2 protein chains.
Amino acid sequence: MTPDPDGHGSTPRLTPGARRILDVASELFYRRGIHAVGVDTIAAESGVTKRTLYDRFGSKDELVTAYLRARDLRWRALVVAAADAAPDPVRRALAPFDVLGGWLDTSDRGCSLVNAYAELPDPAHPARALITEEKRWLRELFRAALAEAGVPDPDTLAGQLLLLHEGAMVTFSVAEDPGAAAAARSAAAALLGHASA
Amino acid sequence: MTPDPDGHGSTPRLTPGARRILDVASELFYRRGIHAVGVDTIAAESGVTKRTLYDRFGSKDELVTAYLRARDLRWRALVVAAADAAPDPVRRALAPFDVLGGWLDTSDRGCSLVNAYAELPDPAHPARALITEEKRWLRELFRAALAEAGVPDPDTLAGQLLLLHEGAMVTFSVAEDPGAAAAARSAAAALLGHASA
DNA sequence: CTCGAACTTCACAGACCAGTGTACTAGGAG
DNA sequence: CTCCTAGTACACTGGTCTGTGAAGTTCGAG
């Protein structure tokens, strides 16, 4: 039960080479885009041969999926920690907005899942299920907190909070608005106040 | 002054070949992604040679920019028409949300500008200026309508409406939520009601 | 009749792409 | 000693990528 022995989030055990491959791939995929980065580059920058990369991950598509999964796990851990620390259900519903600002400071290229969606039009791609699942998860977190807070229509309101959250992610990067997270939080609070008034 | 003689929006005059190239490129770029579509494919599907494509557009990057510009012009025309038909400033501020549902019915892959942003990490790419400018334009449209409506802080509220709008675009496609546009409109109306109360 | 715009054909360059086959080495555990 | 895991080295396949060069065709307007 030693939690997180290698300090990289709750990613399953990886060999040292695989760890380096995943770290390098994450940085390059996020920074330059998935299609724009070749496996040769990833292998070279990891100090590993392409053979090792394919022995560990099987294909580029699966490496892409591993990259998105690891990043998603880091994000979820952050959100869950904040939600668990919240004093009441309303603050718990706002927890994702509380951590969003800090997260975006290290994520100037926006949401990796949204960006990946843009590059992976095939609905059968293994990463696509992961992408929709993450959005569903966040929406459910909103809904559960709102239901516990006793707002009239938690499902509708959860959908609206999700809109604000995704909007903040994309507006921060695409529209180059550094205040997007704060604006989303205050809008969310306004909607909550309005609904519970 | 014959308006829009070829029914393709106010795109500048193009030769017949260039018109077909742009139409085909728009469809393929939007549907499959920019990096995933080669100029050979575009030329072949347009019934045109690669030579013609390069004679007309100069480079793939400029063709990409032309695609985004044409699509943006169609979207802006739709919004402006709805805003001009609005009976009062508040309805004018909601106009983008009114047309969003219908627009998304023909745009199941989400916002072409957001998708393009994901694929074009280089800030110097000619399309990047176009992308940020479009978001700035929409925000200004919100702000002007809200100022005329006399809400207390039109600038802040305009930013929040933009969040809802971008959030609806991305949630509709990425989170596969067909009700995103309606949810965004009702959230926007709630924020407006709250602000003007 | 001539000029020019639009377009064709086709070969070519030079780079990059994902992915595989074969043979080899270092180190730890049973 | 022997087996297993992780990794190395490296050539190679078959394909795609953007972009260019050179020469020829079609057709309408002046």
Side-chain angles (χ1 to χ4, degrees), chain A residues 5-6 8 11-26 28-29 31-68 116 118-122 124-128, chain B residues 5-6 8 11-26 28-29 31-68 116 118-122 124-128:
Chain A
D6 45 5
H8 279 95
T11 320
R13 294 177 188 292
L14 293 175
T15 64
R19 174 86 268 158
R20 290 202 310 278
I21 292 167
L22 188 53
D23 287 345
V24 166
S26 295
L28 292 182
F29 283 152
R31 214 53 70 182
R32 304 186 201 167
I34 293 170
H35 281 333
V37 176
V39 287
D40 298 82
T41 306
I42 294 169
E45 300 248 318
S46 311
V48 139
T49 59
K50 237 185 339 174
R51 243 287 157 248
T52 302
L53 189 153
Y54 277 92
D55 284 347
R56 297 294 138 244
F57 292 95
S59 70
K60 183 181 180 179
D61 282 345
E62 286 181 56
L63 177 58
V64 167
T65 308
Y67 142 63
L68 293 173
E119 295 207 67
L120 307 175
D122 178 11
H125 193 286
R128 285 289 294 269
Chain B
D6 47 2
H8 278 94
T11 320
R13 296 180 186 290
L14 294 174
T15 64
R19 174 86 267 158
R20 290 200 313 275
I21 293 168
L22 187 54
D23 286 345
V24 166
S26 295
L28 293 181
F29 283 153
R31 212 54 69 181
R32 304 187 202 166
I34 293 170
H35 281 333
V37 177
V39 288
D40 298 81
T41 305
I42 294 168
E45 300 248 318
S46 311
V48 137
T49 59
K50 236 184 341 173
R51 244 282 152 252
T52 303
L53 190 154
Y54 277 92
D55 284 347
R56 296 295 135 244
F57 292 94
S59 71
K60 183 181 179 179
D61 281 346
E62 286 181 55
L63 177 58
V64 167
T65 308
Y67 143 62
L68 292 172
E119 295 208 67
L120 307 174
D122 177 10
H125 192 286
R128 284 290 293 270

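What you see is a predicted model; the values in this text were computed from it and never measured. Just so it is clear: chains get the letters A, B, ... in the order the sequence lines come, proteins before strands, and each one is counted from 1.
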Could you state the CD1-C1' distance from B:Ile42 to D:dT16, rounded to the nearest angstrom?
14 Å
Using whole Å, what does the distance between atom C1' of nucleotide D:dG19 and atom CD1 of B:Ile21 come to?
15 Å
Write out a two-atom table: protein N or O, nucleotide N or O from nucleotides 8-10 of chain C, distance below 3.5 Å.
{"residue": "C:dT8", "atom": "OP1", "partner": "B:Gly47", "partner atom": "O", "Å": "3.1"}
{"residue": "C:dT8", "atom": "OP2", "partner": "B:Thr49", "partner atom": "N", "Å": "3.1"}
{"residue": "C:dT8", "atom": "OP2", "partner": "B:Thr49", "partner atom": "OG1", "Å": "3.3"}
{"residue": "C:dT8", "atom": "OP2", "partner": "B:Thr52", "partner atom": "OG1", "Å": "2.7"}

Does the side chain of A:His125 come within less than 4.5 Å of A:Thr65's, by heavy atoms?
yes
Side-chain touch B:Leu68/B:Phe29, heavy atoms, less than 4.5 angstrom
no
To the nearest 10°, let me know how far the axis at one end of the helix from C:dC1-D:dG30 to C:dG30-D:dC1 is tilted from the axis at the other, five pairs an end.
10°
May I have the distance from A:Leu53 (atom CG) to C:dG21 (atom C1'), rounded to whole angstrom?
17 Å
May I ask you to verify if any side-chain N or O of A:Ser59 is less than 4.0 angstrom from the OP1 or OP2 atom of C:dG19?
no
In whole angstroms, the gap separating P of C:dA18 from NE2 of B:His35 amounts to 12 Å
For A:Asp122 and A:Arg128 the tightest heavy-atom approach is O-CG, 3.4 Å
Which value, rounded to the nearest 0.5 Å, describes the distance between A:Arg56 atom CZ and A:Glu62 atom CD?
13.0 Å
B:Asp40 side chain, from C-beta outward: closest of C:dT20, D:dT18, C:dC7
D:dT18
When the distance from OH of B:Tyr54 to P of C:dA6 is rounded to whole Å, what number comes out?
19 Å
Mind checking whether A:Ile42 and A:Leu63 have side chains closer than 4.5 Å, heavy atoms only?
yes
Just to verify, what does A:Asp40 make a salt bridge (Lys or Arg N to Asp or Glu O under 4.0 Å) with, not counting sequence neighbours?
A:Lys50
Can you see which heavy atom on A:Pro121 is nearest to which on B:Arg31, and at what distance?
CB-O, 3.4 Å
Output the rounded distance in Å from NZ (A:Lys60) to P (C:dC16).
14 Å
Nearest heavy-atom contact between A:Val48 and A:Gly17 is CG2-CA, 4.4 Å
For the pair made of CZ in A:Phe57 and P in C:dA18, what is the distance, rounded to whole Å?
15 Å
From the options D:dA6, C:dA18, C:dC7, select the nucleotide whose nearest atom is closest to the side chain of A:Arg56.
D:dA6
Point-to-point distance, once rounded to the nearest 0.5 Å, from OG of A:Ser26 to CD1 of A:Ile21:
11.5 Å
